[in-house]
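Basis for what follows: all heavy atoms, side chains included, without hydrogens, waters or symmetry-related copies. Numbers here simply count residues along the sequence, with the first being 1. In this text the structure is predicted, and so the values were computed from the model without any measurement.
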Amino acid sequence: MTHTVETVEPKIIEIVQELTEDWDVDLDGGVGPATTMIGDIGFASIDFIQLVVAIEGAYKQKLGFQDLLMQNGAYVDDLSVRQIATFVAGRLNGAAPAPAPAAAAPVKAAAPATVVTSVPDSERVTPEKLARFRASIARRTLSGDDKPKNPPALFVLSPPRSGSTLLRVILAGSSKLFGPPELHLLPYATMGDRLKALSGEHTEHLLDGTVRALMQLHGWEADQARAFVSRCEQENMSTKAFYRLLQEPLKGEKLLVDKTPSYVIDVDILKRIEVDFENSLFIHLLRHPCGMIRSYEESKLQRLMPMVQESSFGARELAELTWLTAQLNTLEFAKQVPKERWLTLRYEDIVCSPEASIRQICDFAKIPYEDAMINPYEEMDQRMTDGVDNASKMSGDLKFHLHNAINPEAAVRWKQFYTDGILGAQTLEIARSLGY
């Protein structure tokens, strides 16, 4: 079947109308081909994610919206219905999208970025700033109990914006691994503590990883899984016990994967793993600090770190401090773990040499390599990328949904914006010790 702009456009309009039916949007004549998502409707980044997921759901196909939304290394200023329909029609026909028709305004791309080679001394990360940042991290009591340890699990240790969502979805493609969205369990002694900490406006969606895991494990609907988690919260069940509830249905045939980037912000959280689990495996996922910083800034992630109470740092400082703290904590924790249970892996290698990286993981975990693992944008239900109610509430990197394949350019895109001259001396030292 050949798709045309004229046949796709009504579907795009229908989807936009459904997404915005409760919005206070006053458009003369309603949504039409020339309607722009930001200028006319007021879309934010999360709304674009919902739109992308809805379009791909309607056509049951990954379309790679990153190519439309990003120009010159930065996101476009706005898009019209006609431009989106033109892109979708082109991708459905198996070709690169044709240029937008003359009736539609051209996509306004952001100007090429100026590469920042240095920062003022007042913005550079220093040991004093690092000490202040680490002091701002909420402390917690995570004493163990006298009950038996849980079975082994596989923990991915990395700061945010290091490619852990992509890695998690790759791992979820294995028949020997169970890789749900971020669980956010380890920082809290009990499920009640977890609920209290994550119930804020910007963090409430982080509670959904456990719900989605239960839906997958038991074939439950969202309401049934939520009710179960709620009972665990009301009973103030220990998070250690909740982990065991997730592991028991796996019957030792699959290994539970937990990739939750906030764990590395506090070394005591990491140390809890060895107390509560038998012989767990660890993947230390690295990314160049400038790549992580650029992605962190772009995603405005500083709102989503519930354990960090310091708000006076700029986004770039906060990103670098998070990267540096994560590496220092992970390296300290690694000293306690036997080498055979520890794998260091680089994000850059995953996107540039995915098969070799996946085979390395399989050898480490003593599981067979499976072809499905290298295709993370297939079998999406099994990989739990859909969230609980909708994919825009997935606990993880929402921009995963903008792609349709592993992209090696992601390894070096940050070089359009930064050089490592922006980094503090300690960050540079640690990065070089890690091979960067």
Check against side chain to side chain contact (heavy atoms under 4.5 Å, CB included), F364 and L345: CA-CA 11 Å; F364 166 68; L345 197 64; over 6 Å; no
Basic-acidic side-chain contact under 4.0 Å: E355, R359: yes
Approximate separation, where rounding is to 0.5 Å, of L217 CG and L256 CG: 8.5 Å
Non-hydrogen side-chain atoms of I367 and L255 separated by less than 4.5 Å: no
Test item: S295 side-chain N/O and G291 main-chain N/O as donor-acceptor pair under 3.5 Å: no
Donor + acceptor pair across side chains of S357, R346 (<3.5 Å): no
Side chains of S174 and K254, donor plus acceptor under 3.5 Å: no
Side chain to side chain contact (heavy atoms under 4.5 Å, CB included) evaluation trace for K259 with S158: CA-CA 8 Å; K259 86 92 188 169; S158 74; over 6 Å; no
Side chain proximity check, F133 to V125, heavy atoms < 4.5 angstrom: no
L183 side chain reached by F242 side chain, heavy atoms, under 4.5 Å: no
Side chains of L246 and F178 in contact at under 4.5 Å (non-hydrogen atoms): no
Minimum-distance pair of heavy atoms, taken over all atoms of K149 and R244: O-NH2, 2.7 Å
Plane angle bin for F333 and F282 - parallel if under 30°, tilted between 30 and 60°, otherwise perpendicular: perpendicular
Exercise: identify the closest heavy-atom pair between C290 and W414: CB-CE3, 3.2 Å
Candidate pair S312 and R132, rule side chain to side chain contact (heavy atoms under 4.5 Å, CB included), full reasoning: CA-CA 10 Å; S312 63; R132 182 155 54 92; 3.0 Å; yes
P120 backbone acceptor or donor facing E123 side chain under 3.5 Å: no
Side chain Q216, main chain P180, donor-acceptor under 3.5 Å: no
Minimal non-hydrogen separation, K240 against N150, with atom names: O-ND2, 2.9 Å
Minimum-distance pair of heavy atoms, taken over all atoms of N407 and V351: O-CB, 3.7 Å
Side chain to side chain, I293 and Y418, heavy atoms closer than 4.5 Å: yes
salt_bridge(K129, E320) N-O dist < 4.0 Å: no
Q234 and S230 side chains, donor-acceptor separation under 3.5 Å: yes
Side chain to side chain donor-acceptor pair (under 3.5 Å) between N236 and T190, worked out: CA-CA 6 Å; N236 214 26; T190 70; 2.7 Å; yes
Nearest heavy atoms of F155 and L186, plus distance in Å: CE2-CD1, 3.8 Å
Spacing of L214 atom CG and L245 atom CG [to the nearest 0.5 Å]: 8.0 Å
Donor-acceptor contact present, side-chain T344 to main-chain H284, <3.5 Å: no
Heavy-atom closest pair, residues M191 and C232: CB-O, 3.8 Å
Spacing of L207 atom CG and L198 atom CG [to the nearest 0.5 Å]: 5.0 Å
Flag, side chain of N279 to backbone of P152, donor-acceptor distance under 3.5 Å: no
Crowding at CD, E340 (>12 non-hydrogen neighbours, <6.0 Å): yes
Y436 and D420: side chain donor to acceptor below 3.5 Å: no
Check: A241 main-chain N/O paired with S238 side-chain donor or acceptor under 3.5 Å: yes
Spacing of CZ belonging to R168 relative to CG belonging to L154, to within rounding of 0.5 Å: 12.5 Å
Residue pair R124 / S118, side-chain heavy-atom distance below 4.5 Å: yes
Salt-bridge contact R134-D266 (side-chain N to carboxylate O under 4.0 Å): no
Rounded distance (nearest 0.5 Å) linking atom CD1 of I361 with atom CD1 of I283: 4.5 Å
Heavy-atom check, side chain of P289 versus side chain of Q327, under 4.5 Å: no
Pair W323 + Y296: ring centers closer than 6.0 Å: no
Greater than 12 external heavy atoms within 6.0 Å of E221's CD: no
Test item: T20 and F43 side chains (from C-beta on) under 4.5 Å apart, heavy atoms: yes
Ion pair check, D208 and R212, cut-off under 4.0 Å: no
Qualifying residue, where the test is side-chain contact (heavy atoms from CB on, under 4.5 Å) with V264 and the options are T322, I269, T330: T330
L331 CG to L434 CG distance, which is reported to the nearest 0.5 Å: 5.5 Å
Donor-acceptor under 3.5 Å (E182 side chain, L206 main chain): no
K11 atom NZ, neighbour heavy-atom count above 12 within 6.0 Å: no
Working for side chain to side chain contact (heavy atoms under 4.5 Å, CB included), residues F65 and R91: CA-CA 10 Å; F65 274 89; R91 285 296 161 94; over 6 Å; no
Name of the residue among R161, R287, M292 meeting side-chain contact (heavy atoms from CB on, under 4.5 Å) with Y347: R287
Short side-chain to backbone donor-acceptor contact, T419 and G421, under 3.5 Å: yes
